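Labels below follow one simple rule: chain letters A, B, ... track the order of the sequence lines, proteins then strands, and each chain is numbered from 1. Computed from a predicted model, the values in this text were never measured in an experiment.
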Amino acid sequence: MESQYQPRAIEPQVQKQWADTRAFVAPDASPKPKYYCVSMLPYPSGKLHMGHVRNYTINDALYHFMRMKGFNVLMPMGWDAFGLPAENAAMANGVPPGQWTRDNIAYMKKQCQAMGWAIDWTRELATCSPDYYRWNQWFFLRLWEKGLVYKKTGTVNWDPVDMTVLANEQVIDGRGWRTGAVVEKREIPMWYMRITQYADELVDSLDGLGWPEQVKQMQRNWIGRSYGVEFTLPYDEMTAKRMNDGKQGLVVFTTRADTIMGITFAAVAAEHPLAAEAAKTNPKLAAFLEECKLGGVQEADLATQEKKGLPTGLFVTHPFTKEKVEVWVGNYVLMSYGSGAVMAVPGHDERDFAFAKQYGLEIKPVIDVGGQQYSTDAWQPRYEQRGVNVNSGKYNGLSFDAAIDAVAKDLEALGLGKKRVQYRLRDWGISRQRYWGTPIPIVQCARCGDVAVPDDQLPVVLPDNLVPDGSGSPLAKTPSFFETRCPKCHGPARRDTDTMDTFVDSSWYFLRYTCPGAPSMVDERAQYWAPLDMYIGGIEHAILHLLYARFWTKAMRDLGLAKIDEPFTNLLTQGMVLNHIFSRRTDKGGIEYFAPEELDITADEEGKVQGATARKDGKPVSYDGIGTMSKSKRNGVDPQDMIERYGADTARFYVMQASPPTDTVLWSDESVEGSFKFLRRLWTMVHDHVSAGIVPRYANGELNKELRDLRFKLHRTIDKVADDYGRRMQFNTAIAAVREMLNLYTDMKDRSPVARAVAQEVLEDAVLLLSPIVPHAASALWSELRPGTALLEQPWPAVDASALVQDTIALVVQVNGKLRGHLDVPASASREQVEAMALADVTVQKFLEGKTPKKIIVVPGRLVNIVV
RNA sequence: GCGAGAGUGGCGGAAUUGGUAGACGCACUGGAUUUAGGUUCCAGCGCCGAAAGGCAUGUGGGUUCGAGUCCCUCCUUUCGCACCA
């Protein structure tokens, strides 16, 4: 056996052995129970980053653990290969996105292999391959047939200089990131998927999932199912004439119909038809509507902007009092939620209150606010609480539920409204005016309208050799792509040049892994592996990706393609890996990010970053704080250096011992060395033992206390590590437990034959316990401890119950809740005996100061607390 | 702005069900080994205090025999907000 730990020699050798034996190729049938664990597929941005290392190492550790526990385990891998960065790289370097993407995949695949992850590469897929995205197109058409896909207009960010649609990420403070031009909102036709049709099921089936509670809560809130009343505020005579829209009035939805008597005005979004009508005769309002068009469409921006509004001069009438209520345009009303119009009750809604104060509108309290005086001077949170109606005519004295019931009944009698369920969730707009994505399989014919591309003409292949120039999609400028004939009338027609949102690609790839090469979307192999037993990925995907994938799976089920209701039985949301972010405004008003290694960074005495200068020009760069490692912000850390200096096992060990997987971590490369030292120490321990000759592991025989304690610790540790890996998924504490146990082992003085047998047992089991995290080193060490056997064939070590039997238990003694002493009591001691022993303790006596105990609390196996 | 998290030594973190706060490491300090650097080994390491002991888990309050853990307040910070993936 080598006396030195040499990962660079061991790792390629072990990896070759795995490849030669096809060790990680999972059969599609087995007498063993299946365990399907998947990590969210990476975007091939160029290199792996630490987030990937964390993600796939967690998955890999679970793979090995479950395999040792007797499961048929599958861990696949693929590439989320469509998307914006490839187009940006193409523009920057003049290389077509296809070439750039394939090169990145090749490089990153090598890195994955160097990390030694137990990936079944026979199932690898890339979403930019026609074999994959043809099924996006095929399924899109099936959904269209079922009415689950439809077309309507949607609002996008428009850069008036580049004449192109911008992604939200490309809008910085309301301006285009390349041009610095003020962005405008623009309405364009887009395809939508009817996810709202599944809203109820998407909420209700969350309950049965093994997901973190906060993720389920986020999804519930996102879907935002609320029960309320939808009703019409009838137009007054003049407004009815002006609107002439076939409707009788302004439709609004409220969850607080109990406050209906407090309506003092109504508000509509700037994009609402009523606002447009009013603007025709009101230049000031028209100018305001133009102003509202400026800026991007991001909700965070809309919600934080200053609340502004203007009266429209149009009126509706209160459904009960028939009083005239003026309609205002408010920039805080969202066209995309509900009907784009709200009743305003400033007395009991904080936003309406602020708006009313700003514009001097009436505030009319109609709910008793806890018996206290209502003051319109300043908003109080209690104004929003449910209570008993006052100042509300016939509804006075009713409380929340009764008031809503009464109001809904009266509205219904008038034919103006009724109770309704409302969702915050909106349908999923999937059209993107971009090049690098799945072409939408629709032909636009002047005569026949939108016509589906027939199935036998799928896939509509995306040309992969175009280079975009930043001014719109190159597909729309490539006649050889868009010129076609109508499948129906065979006249000249034009293909839809939009592509699909990349969330489409990631909504079902985990099912395609199971059946590579299938001549259909999925086949019976998917029924064997689905659903996923564990899905692992970043917390940033808690809502959108996970919700879309759940919807897609349910749609596949309803089309007979899947037999599951939910794709992800269990979910592990890994925390983000963070790093410092540095940027600078460009001359044009755009933004340029800098990688930390390109900068000289200054810090204060506490080590807090203050600022930085760029090495390339010596000019200052601003510090933007801490944030997720990302390609676009250029603050990622490449694990390659670590792999080359210390080996993959050290990198794996380091990320797993650093923190629990669900925590965010701020990157620091200072303690990597310690991980390497530990592996070297482990190697030396095994080497020292093996050089003296291996022996059969301890089976039976008399042991002294030192050896009994060591075996006790070992078998406790086996239990704990299994619990940490399998249930808690907290790998840092598993590693700490093994280190503790090995610290006890290295303190062992005994060198007798029976001690050597115990040493053999300890080392074998320690190697097995660590093998999910450091499989290369563990493989090499195992073949030294058990020549002729392979680590991958070993089951999880068994716990010897007899090693866990203890004669005495250590208890803590407290006086008035403060720690005052320790006590060793026989395991069989009764409560009374324990109390007596505690009272007899010398230090305890001292703190009792002769007083009589009022109460003695005994927590079996833990502590005694004496209260005086 | 709204939704969901997080905050414990110089640093990463542990404390799993309300029961010994700081496990296990990193860094640091002292010592041994070494020609030297590195390695390895031993010891120390929350704060105050000579000690006894006291104080301490972002802030301020509360519940409890007992609170890092539960409740309320405020502060800081991360993630998401529908076209980054």
Side-chain angles (χ1 to χ4, degrees), chain A residues 40-43 45 80 82-85 154 156-157 165-171 212-215 217-218 220-222 224 296-305 307 332 336 351 424-434 501-503 506 538-545 547-548 573 575-576 578 606-607 625-628 630-633 657-660 662-666 668 670-675 677-678 680-681 684 720 723-724 727-728 730 732-733 735-740 743 810-814 816-819 822 854-857 859 862-863 865-868:
Chain A
M40 291 179 188
L41 82 180
Y43 180 80
S45 57
D80 191 12
F82 274 140
L84 206 48
V156 294
N157 304 303
V165 175
L166 295 180
N168 280 338
E169 187 191 53
Q170 299 170 317
V171 178
E213 202 45 54
Q214 75 262 27
V215 175
Q217 194 55 44
M218 279 192 263
R220 280 186 204 109
N221 293 343
W222 182 261
V297 300
Q298 296 176 68
E299 188 174 320
D301 291 343
L302 297 174
T304 48
Q305 69 192 354
K307 286 182 186 58
Y332 69 99
S336 50
R351 284 176 311 173
R424 206 187 72 96
L425 180 68
R426 309 201 290 261
D427 277 335
W428 175 15
I430 61 144
S431 293
R432 298 290 179 271
Q433 299 67 48
R434 274 183 247 300
D501 181 4
T502 53
F503 276 127
S506 54
I539 183 69
E540 73 274 21
H541 295 292
I543 295 174
L544 291 179
H545 160 59
L547 195 61
Y548 291 142
T573 46
M576 308 293 302
L578 309 178
E606 288 179 327
I626 296 165
T628 314
S630 81
K631 179 90 176 167
S632 59
K633 295 197 170 144
Q657 61 87 47
S659 60
T662 50
D663 281 15
T664 55
V665 293
L666 176 59
S668 131
E670 278 164 4
S671 65
V672 177
E673 186 83 23
S675 298
K677 281 183 195 168
F678 171 76
R680 190 163 53 193
R681 207 175 127 226
T684 307
K720 171 168 176 59
D723 190 47
D724 279 351
R727 181 181 64 88
R728 298 214 302 155
Q730 191 161 303
N732 55 330
T733 48
I735 289 171
V738 176
R739 293 181 91 136
E740 248 183 277
N743 287 346
L811 290 186
V812 163
V813 185
Q814 296 178 335
N816 285 339
K818 284 192 194 296
L819 175 66
H822 296 267
K854 221 188 284 176
K855 195 171 167 190
I856 301 178
I857 293 152
V859 181
R862 280 196 183 270
L863 60 71
N865 186 14
I866 301 164
V867 186
V868 293

(request) Determine yes or no for a side-chain-to-main-chain donor-acceptor pair under 3.5 angstrom, with A:D80 supplying the side chain and A:L41 the backbone. (result) no
(request) Keeping the roles fixed (side chain from A:D723, backbone from A:R728), state whether a donor-acceptor pair exists under 3.5 Å. (result) no
(request) Grab the CD1-P distance between A:I866 and B:C65 for me, whole Å please. (result) 16 Å
(request) For B:C70 versus B:A51, give the span between their C1' atoms, rounded off to a whole number of Å. (result) 38 Å
Distances under 3.5 Å only, N/O to N/O: pair up the protein atoms with those of nucleotides 7-16 of chain B.
unit_1, atom_1, unit_2, atom_2, d
B:G12, O2', A:A658, O, 2.6
B:G13, O3', A:N732, ND2, 3.2
B:A14, OP1, A:Q730, NE2, 3.4
B:A14, OP1, A:N732, ND2, 3.0
B:A15, OP1, A:R728, NH1, 3.2
B:A15, OP1, A:R728, NH2, 2.9
B:U16, O4', A:R728, NH1, 3.3
B:U16, N1, A:R728, NH1, 3.4
B:U16, O2, A:R727, NH2, 2.7
B:U16, O4, A:K720, NZ, 2.4

(request) Rounded to whole angstrom, note down the C1' distance from B:U33 over to B:G13. (result) 32 Å
Please produce a list of atom pairs where a protein N or O lies less than 3.5 Å from an N or O of nucleotides 54-57 of chain B.
unit_1, atom_1, unit_2, atom_2, d
B:G54, OP1, A:R820, NH2, 3.2
B:G54, OP2, A:R820, NH1, 3.4

(request) Can you tell me, in whole Å, how much space there is between the P of B:A43 and that of B:G25? (result) 12 Å
(request) Would you give a per-nucleotide map of nucleotides 66-72 of chain B, 5' to 3', where B means the base has a protein non-hydrogen atom under 4.0 Å away, S means only the sugar-phosphate does, and - means neither? (result) -------
(message) Is there a side-chain contact between A:L578 and A:T628 in this structure, where contact means two heavy atoms from C-beta onward sitting under 4.5 Å apart?
(response) yes
Identify the pairs formed between an N or O of the protein and an N or O of nucleotides 39-46 of chain B at a distance under 3.5 Å, and give each distance.
unit_1, atom_1, unit_2, atom_2, d
B:U39, O3', A:R680, NH2, 2.9
B:U40, OP1, A:R680, NH2, 3.2

(message) With rounding to the closest Å, how many angstrom separate the P atoms on B:A4 and B:U39?
(response) 49 Å
(message) Can you check the distance between B:U20 and B:U73, where both ends of the measurement are the P atom (answer in whole Å)?
(response) 28 Å
(request) Using atom CD1 of A:I539 as one end and atom P of B:C81 as the other, report the distance to the nearest whole Å. (result) 12 Å
(request) Considering only atom C1', compute the distance from B:A56 to B:A21 and round it to an integer number of Å. (result) 9 Å
(request) For A:L544 and B:C84, give me the distance from atom CG to atom P, rounded to whole Å. (result) 9 Å
(message) Would you measure the distance from the P atom in B:C42 across to the matching atom in B:A27 and give it in whole Å?
(response) 16 Å
(message) Roughly how many Å apart are B:U16 and B:U69, using the P atom of each and rounding to a whole number?
(response) 12 Å
(request) Determine whether the side chains of A:Q217 and A:N221 contain a donor N or O and an acceptor N or O closer than 3.5 Å. (result) yes
(request) Please determine if A:E213 and A:R220 form a salt bridge, counting it only when a charged side-chain N lies under 4.0 Å from a carboxylate O. (result) yes
(request) State the syn/anti category of B:G9 according to its glycosidic angle, syn meaning within 90° of 0. (result) syn
(message) Without decimals, in angstroms, what is the distance between A:E740 CD and B:A23 P?
(response) 10 Å
(request) Name all residues meeting the side-chain hydrogen bond (donor to acceptor under 3.5 Å, both in side chains) criterion together with A:Q433; count only those two or more places apart in sequence or in a different chain, and write none if there are none. (result) A:D498
(request) Please state how far atom CG in A:N221 lies from atom C1' in B:G5, giving the value in whole angstrom units. (result) 13 Å
(message) As a check on the pairing definition, encode RNA chain B in dot-bracket form, counting Watson-Crick and G-U wobble pairs whose two distances are under 3.5 Å, and using | for partners outside this strand.
(response) (((((((..(((......[....))).(((((.......))))).(((....)))..(.(((..]....))).))))))))....
